[in-house]
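Report on the structure given below.
Each chain gets a letter, A, B and so on, in the order its sequence line appears, and its residues count up from 1.
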Amino acid sequence: MEKAKKRKIGIISSIILTLLIIFGVVSASALAENNSKHVDTWERVKRLGKIRWGVKADTKLFGLMDTKTGQPEGFDVDIAKALTVQLSKQSGVPMQADFTIVTSNTRIQLLKNANIDGFIATATITPEREKVIDFSNSYFKAGQSILVKKGSGIKSIKDLNNFKSTIIGVAGSNSVINVKKFAPKAKVLALGDYGQAMAALKAGQGQALTTDNGILYGLATENPGYTVVGGTFTSEPYGVAFDNNQPEMVKQTNKALKAIIANGTYNKLIKKWFRGVPGLDWRSLEK
Amino acid sequence: MISLLTSNFHSFLVAFGYTLLSSIIALIASTVLGTLFAILQIVPSKTANVIARAYIEVFRNIPLLIIVMFFYLVVTKIVKIGGFTAGTIGLTLYTSAFIAETVRAGINSVGIGQTEGARANGLSSWQTLRIIILPQAFKIAIPSLGNQFINLVKNSSILAFVAGGDLMYTANNVAATTFDSFNSYIIVGIFYLIITLPLNYYMKFLETKLKGMA
Amino acid sequence: MVENNQDNMIQFVDVEKYYGHFHALKNINLTIKRGETVVLIGPSGSGKSTLIRAINGLEPIQEGHLIVNGYDLHDPKTDINKIRKRVGMVFQHFNLYNNKSVIENVMLAPRIVSHIPEEENEKYALELLDRVGLKDKAGSMPSMLSGGQKQRVAIARSLAMKPSALLFDEPTSALDPEMIGDVLRIIQNIAKDSDMTSLIVTHEMNFAQNVANRVIFMADGEVLEDSKTSDFFKKPKSVRAQQFVDQVQNH
């Protein structure tokens with residue numbers, strides 16, 4: 001009897017403890033949401049004299065870590081540098097560019113937490129995203145495509161629309177959501193970054209890797225046994241992202257984008273990164 | 001947070017099932033394997049001792065992620081292994097190395113007199129181990145086994161790296177589609193507590209129950 | 001090869017035992033006949049325990065022959081469990097199974113080693129527990145017993161295997177003085193049984209005098225004396241034995 005009673009008390013106190021922890025966490029999260037009050041990004045970058053950009057480090061051509069220098073390099077990174085110079089001119093305040101590595105999965109949260117001021121990280125402008133963050137005008141027109149093993153017989157996304165097929169993508173990217181619309185029967189696996197996704201494709205965990213064509217071309221240059229097929233089946237305009245409700249920052253950025261296109265900087269960067277990528281007509285990317 | 005949970009409830013529930021299934025399989029398999037390698041360490045055979053030692057040192061001293069990746073990316077070229085299976089196998093091997101050490105320590109702390117008493121009584125060495133030594137060793141090892149089991153459940157989040165469909169994987173995906181990482185991870189944190197707290201309580205209960213039997 | 005005499009329960013022939021470089025048993029030659037009760041005495045560290053533990057294979061020997069119930073322990077082909085089934089041992093620290101109840105301690109080996117039917121096994125176990133005065137403790141766990149009670153259970157456990165010989169390794173050394181009498185009385189009753197061979201390591205001289213047919217005196221790993229009990233206690237042949245007996249009796 002005594003033992004059964006003790007046991008009952010033990011169970012009840014465990015349940016109470018669990019509920020208390022859950023309650024505590026819920027109220028803490030509510031509190032945290034209330035505390036994140038609005039700060040004007042344009043004012044902040046002028047005051048601090050630097051812009052903290054989120055860029056990728058796992059995406060060839062756009063943002064890839066150079067293992068020798070320890071710095072990310074790519075088209076997005078260079079755009080960030082060019083924009084920083086231009087924004088500096090526009091504001092009259094000398095500003096420098098600071099880089100933080102983000103992934104598809106972390107970039108929005110880092111922005112919300114004000115760990116970064118903005119990100120240029122192969123982010124497609126979508127209506128869903130525009131509800132929570134602000135985008136500049138598109139700085140690059142990409143489209144989703146698939147990368148497959150040479151000689152696999154897969155010609156386009158349609159060939160993957162069956163229950164036997166597995167398509168690999170990257171968690172947090174727009175492409176894993178989109179691909180379900182184009183191949184609803186296929187199984188979709190979302191891996192951590194493009195390195196892991198490519199490794200999984202090579203290991204045979206799936207038949208195709210899907211994401212934006214620019215990124216896939218980057219992967220194809222590194223992995224000659226693989227090729228981009230079927231052209232693009234979506235339009236993915238990349239934008240520079242800022243926290244919600246930052247009209248001034250967006251306005252200044254759009255102005256700066258126009259300026260770097262007008263002064264030829266933009267086309268120089270397109271040439272620098274995309275000339276010589278097999279299967280890609282780099283001239284079509286020029287503005 | 002509540003709306004995030006309700007609108008993704010099905011996903012979280014399925015993921016909870018995968019995490020629970022992986023944890024249960026790995027818990028049973030790693031206890032069996034761990035006990036086997038604890039025994040191989042104490043049998044009077046140099047070869048068995050060396051094999052057991054090597055197994056334990058390898059799997060105990062390599063990050064779990066690497067073991068899992070090895071099965072997901074390399075072994076799969078020989079035998080097809082998906083993310084869930086690769087993750088569960090990695091989790092089993094990794095945990096079994098720690099359990100082997102725990103069980104061995106338990107065996108060592110059962111006095112030599114128990115073995116001598118049993119052997120002099122006519123029991124074979126296997127009977128002695130199975131009926132006399134191991135039950136006492138497990139009783140001693142329970143608090144530390146409880147820790148291993150809870151670590152195992154938490155470590156099952158490794159499945160997310162290989163798209164294993166578990167709670168962590170789903171948290172990543174929900175966070176990515178809703179842009180609400182904060183609450184996604186809190187929700188799965190609570191799901192993990194739903195497994196670990198009762199497990200913890202059960203191990204404590206087992207401990208006091210067996211102590212009463214001493 | 002050593003002659004295998006059916007009358008001999010235990011026979012040591014030129015036995016040598018080493019722990020590393022330490023020479024624990026030196027040239028032991030000794031024969032114990034079936035039904036005999038032999039007491040082994042000597043100062044601590046003399047090798048008594050090593051000798052008695054060698055008989056059921058708890059200590060391997062390095063040289064010579066040790067023939068127990070017709071099997072040579074030093075022959076690698078010998079199945080040691082065959083000897084252990086017939087030769088029981090009672091330890092100084094009892095070594096009861098801590099995870100088993102009193103009656104399970106007694107019934108376990110007959111069940112899984114000798115495959116005695118459960119009903120018969122239980123009946124005999126209760127009979128043995130009754131004989132050592134602990135029938136009412138059948139369901140208790142060992143941790144709930146006193147030292148003397150534990151030792152009586154340990155004796156019952158050994159008897160349950162219906163052994164030809166019993167080895168007692170200082171069975172009363174770890175007991176409180178008021179417990180010793182009961183345990184010795186039980187051992188004495190067992191030893192009186194003419195079919196049972198008993199070898200007892202003890203410091204209890206009065207007990208030795210009452211129970212033993214023969215007394216063996218050991219010192220420094222050697223057997224110094226092997227005499228009839230009456231002869232030994234009247235006048236030990238060696239000076240060491242004389243000194244030892246005086247010391248123990250004056251104590």
Side-chain angles (χ1 to χ4, degrees), chain A residues 3 6-7 10-11 13-15 17-19 21-30 32-33 36 103-113 126 128-129 131-133 166 168-174 176-177 187-193 196-206 244, chain B residues 1-2 4-5 65 68-86 158 160-165 168-187 189-202 204-205 208-209 212:
Chain A
K3 239 179 206 170
K6 262 189 198 161
R7 200 172 156 189
I11 293 170
S13 52
S14 308
I15 293 169
L17 188 71
T18 314
L19 291 177
I21 292 169
I22 293 170
F23 176 76
V25 168
V26 171
S27 39
S29 73
E33 268 167 35
S36 57
T103 66
S104 298
N105 215 9
T106 58
R107 55 195 177 192
I108 291 178
Q109 197 70 40
L110 288 169
L111 194 58
K112 289 274 159 204
N113 295 350
T126 68
E128 292 84 17
R129 284 179 181 158
K131 283 180 204 156
V132 288
I133 52 175
T166 302
I168 297 166
V170 167
S173 69
N174 201 34
V176 292
I177 301 158
K187 191 174 161 198
V188 178
L189 296 180
L191 280 107
D193 62 32
Q196 287 172 21
M198 192 64 215
L201 179 68
K202 282 173 151 178
Q205 294 288 355
N244 221 2
Chain B
M1 187 172 109
I2 303 299
L4 186 72
L5 176 62
L65 181 58
V68 171
M69 283 297 183
F70 178 74
F71 280 91
Y72 190 65
L73 298 178
V74 181
V75 178
T76 189
K77 289 180 179 172
I78 304 154
V79 199
K80 269 269 158 272
I81 298 176
F84 180 83
T85 315
I158 202 78
F161 278 91
V162 289
M168 196 66 189
Y169 176 73
T170 302
N172 286 341
N173 288 346
V174 170
T177 38
T178 60
F179 318 114
D180 189 356
S181 326
F182 190 75
N183 286 318
S184 302
Y185 293 120
I186 285 175
I187 287 170
I190 292 168
F191 273 109
Y192 280 108
L193 280 178
I194 292 173
I195 305 176
T196 51
L197 283 182
L199 179 64
N200 186 36
Y201 177 73
Y202 179 71
K204 286 262 152 60
F205 166 73
T208 38
K209 192 181 146 194

So, the part of A:Lys131 with a heavy atom under 4.5 Å from chain B: the answer is neither
For the side chain of A:Gln205 and the backbone of B:Ile81, is there at least one donor-acceptor N/O pair under 3.5 Å apart?
-> yes
I want to check something: taking the side chain as every heavy atom from C-beta on, are B:Tyr72 and A:Leu191 in contact at a cut-off of under 4.5 Å? yes
Whatever's closer than 4.5 Å to a heavy atom in chain B on A:Val170 counts as neither
Applying a strict 4.5 Å limit to non-hydrogen atoms, the region of A:Ile108 in contact with chain B is side chain
Contacts of B:Leu5 meeting side chain to side chain contact (heavy atoms under 4.5 Å, CB included) (sequence neighbours excluded), chain-then-number -> B:Phe9, B:Phe12, B:Ile187, B:Phe191
Residues passing the side chain to side chain contact (heavy atoms under 4.5 Å, CB included) test with A:Ala171, sequence neighbours excluded, are A:Asn105, A:Ala190, B:Asn173
When the 4.5 angstrom heavy-atom criterion is applied to A:Arg129 and chain B, the contacting part is both
Cut-off 4.5 Å, heavy atoms of chain A, and the answer for B:Lys80 is side chain
Taken to the nearest 0.5 Å, the spacing of B:Leu73 CG from A:Met198 CE works out to 11.5 Å
Cut-off 4.5 Å, heavy atoms of chain A, and the answer for B:Val74 is neither
The interface call for B:Phe161 against chain A, heavy-atom contacts under 4.5 Å, is both
Checked B:Val75, B:Ile194, B:Leu197, B:Asn172 vs chain A; the most non-hydrogen pairs under 4.5 Å come from B:Asn172
